[in-house]
Amino acid sequence: MAYSIEITQSTTRKQKPDPNHLIFGKHFTDHMFILDYSVEQGWYNPRIIPYQPITLDPAARVFHYGQTVFEGLKAYRTSEGRTLLFRPDQNFKRLNRSNVRMSIPELDEELAIEGLRKLVEIDQDWIPEVEGTSLYIRPFVIATQASLGVAPSHTYQFLIIMSPVGAYYAEGIHPVKIYVESDYVRTVKGGVGTAKTGGNYAASLKAQEEASGKGYSQVLWLDGVHHKYIEEVGSMNVFFKVNGTVITPELNGSILDGITRKSILELLASWNVPVEERTISIEELYEAHKNGTLEEAFGTGTAAVISPIGQLCWKDEEITLNGGETGELSAKLYDTLTGIQRGVLPDPFGWTMKL
Ligand SMILES: *Cc1c(COP(=O)(O)O)cnc(C)c1O
């Protein structure tokens, strides 16, 4: 099906930031995509317009009750000047799963991808070319109806904005220090942890701030009921290599179904590395560290791709993993996945979409 997306080109072009010193999410491209929703018309009026502020009534429901969802993905420029998107279909499928959980009407995934393709094409000279950089893409939905009644909104907007981002590791991949949070919780089964929604992040800021104050870069969340079982890290899923087997928490109804996580599981299966998706307690991990079988740990997410974990601190006991160095498997996964994303390595899984 062909969609008619109305395009209004910006008459001016912004100055682009220095590609060697990009700050995450600070600069935005010249255009944005918008789609409206009303009960009468469904999703309508897909359009690309100059990047600009949006006007909302102060009573818009998103401000009061947080009815909103978002996504995050990247576009890469290959060395031959082609543009690649990484598994965008997965992002829009997940956006719709988040929509269902947040009582937001689902949108046409094909239309969203078409809007994204056109937007990236129009702003393609914003994709930075310096090694390791990319164009970060942020699709999101907000509830726009002006009403303080606690009920699903009757109107919404879906938008896509884009921002050039730097190499996550300026000096090459390196391990981070993680604080295991035993008081605050992110979510519980039955809550909205499986949805990519703003409130999960609002709820995480306090713990993140306190962990930063103690010198840790991220928080590792434990389950909300027993404060015992591993869930995930900040905006990343988490993996451990114990005695040759890679283990990661199963999708238990409170963690986010990461696309990087899914890709890592598919890569590991193709390499015949033994993998277990199951419940893991923090005690089990500390025990494995004591008996010398905890070999590597890493987080996975769109921003960092793979983030090796060098230290874990749980209840004042800090342990160092793999001598604080990036593990062999973490490095291999990082090189392979970023190689596929950038079109440097073959893509046997058909993950990348050419523009
Ligand atoms: C986005 C996100 C992730 C990572 O998902 P990717 O699709 O791999 O980027 C993990 N956890 C949370 C809470 C997230 O919001």
Side-chain angles (χ1 to χ4, degrees), residues 24-25 66 68-76 85-99 101-102 109 112-113 116 134-141 162-163 165 168 176 178 181 184-189 191-208 211 217-224 229-240 248-268 277 297-309 330 333-334 336-338 340-341 349 351-353:
F24 181 83
T68 177
V69 299
F70 69 96
E71 271 304 325
L73 69 158
K74 285 173 172 174
Y76 305 86
L85 294 169
F86 186 71
R87 310 190 83 173
D89 53 316
Q90 294 290 326
N91 288 94
F92 292 112
K93 281 202 176 79
R94 184 171 65 191
L95 184 82
N96 269 339
R97 292 200 300 274
S98 298
N99 280 340
R101 180 63 185 85
M102 302 305 290
E109 292 158 23
I113 289 184
L116 172 59
S134 58
L135 185 66
Y136 183 78
I137 300 163
R138 170 55 59 85
F140 63 106
V141 181
M162 308 194 296
S163 171
V165 295
Y168 196 83
V176 292
I178 301 282
E181 179 56 60
Y184 299 115
V185 300
R186 191 184 85 97
T187 179
V188 290
K189 187 170 178 210
V192 295
T194 54
K196 224 170 160 71
T197 185
N200 287 332
Y201 280 82
S204 76
L205 298 176
K206 184 79 178 136
Q208 176 67 43
S217 70
Q218 300 259 0
V219 166
L220 174 66
W221 298 104
L222 299 179
D223 77 280
Y229 302 106
I230 309 269
E231 297 252 303
E232 55 180 314
V233 174
S235 56
M236 293 189 286
N237 296 110
V238 69
F239 289 74
F240 305 92
T248 190
E250 79 274 26
L251 300 177
N252 60 358
S254 60
I255 69 174
L256 194 96
D257 184 358
I259 295 159
T260 319
R261 174 186 183 278
K262 181 188 299 231
S263 307
I264 293 293
L265 289 174
E266 289 174 47
L267 268 181
L268 291 172
E277 291 179 69
F298 54 91
T300 67
T302 295
V305 184
I306 300 283
S307 193
I309 298 173
S330 310
L333 286 165
Y334 179 80
T336 308
L337 203 51
T338 54
I340 294 172
Q341 289 170 334
F349 305 93
W351 285 338
T352 54
M353 179 185 276

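Both counts, for ligands and for their atoms, begin at 1 and track the order of listing.
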Report each N/O pair between ligand 1 and the protein that falls under 3.5 Å, naming both atoms.
from     : atom 1 : to     : atom 2 : distance (Å)
ligand 1 : 7 (O)  : Arg94  : NH1    : 2.8
ligand 1 : 7 (O)  : Arg94  : NH2    : 3.1
ligand 1 : 7 (O)  : Ile259 : N      : 2.8
ligand 1 : 8 (O)  : Ile259 : N      : 3.3
ligand 1 : 8 (O)  : Thr260 : N      : 2.9
ligand 1 : 8 (O)  : Thr260 : OG1    : 2.6
ligand 1 : 9 (O)  : Thr302 : N      : 2.9
ligand 1 : 9 (O)  : Thr302 : OG1    : 2.6
ligand 1 : 11 (N) : Glu232 : OE1    : 2.5
ligand 1 : 15 (O) : Lys196 : NZ     : 2.7
ligand 1 : 15 (O) : Tyr201 : OH     : 2.5

Determine, for Arg186 against Glu232, whether the closest basic-nitrogen to carboxylate-oxygen distance falls under 4.0 angstrom. yes
Quick check for you: to the nearest 0.5 Å, what is the distance between Asn237 atom CG and Lys262 atom NZ? 11.0 Å
Can you list the residues that meet the salt bridge (charged side-chain N to carboxylate O under 4.0 Å, His left out) rule with Glu109, with sequence neighbours excluded? none
Contacts of Glu250 that satisfy salt bridge (charged side-chain N to carboxylate O under 4.0 Å, His left out) - sequence neighbours left out: none
Between Lys206 and Glu181, is there a salt bridge with N-O shorter than 4.0 Å? no
Can you list the residues that meet the side chain to side chain contact (heavy atoms under 4.5 Å, CB included) rule with Thr352, with sequence neighbours excluded? Leu84, Phe86, Ile340, Asp347
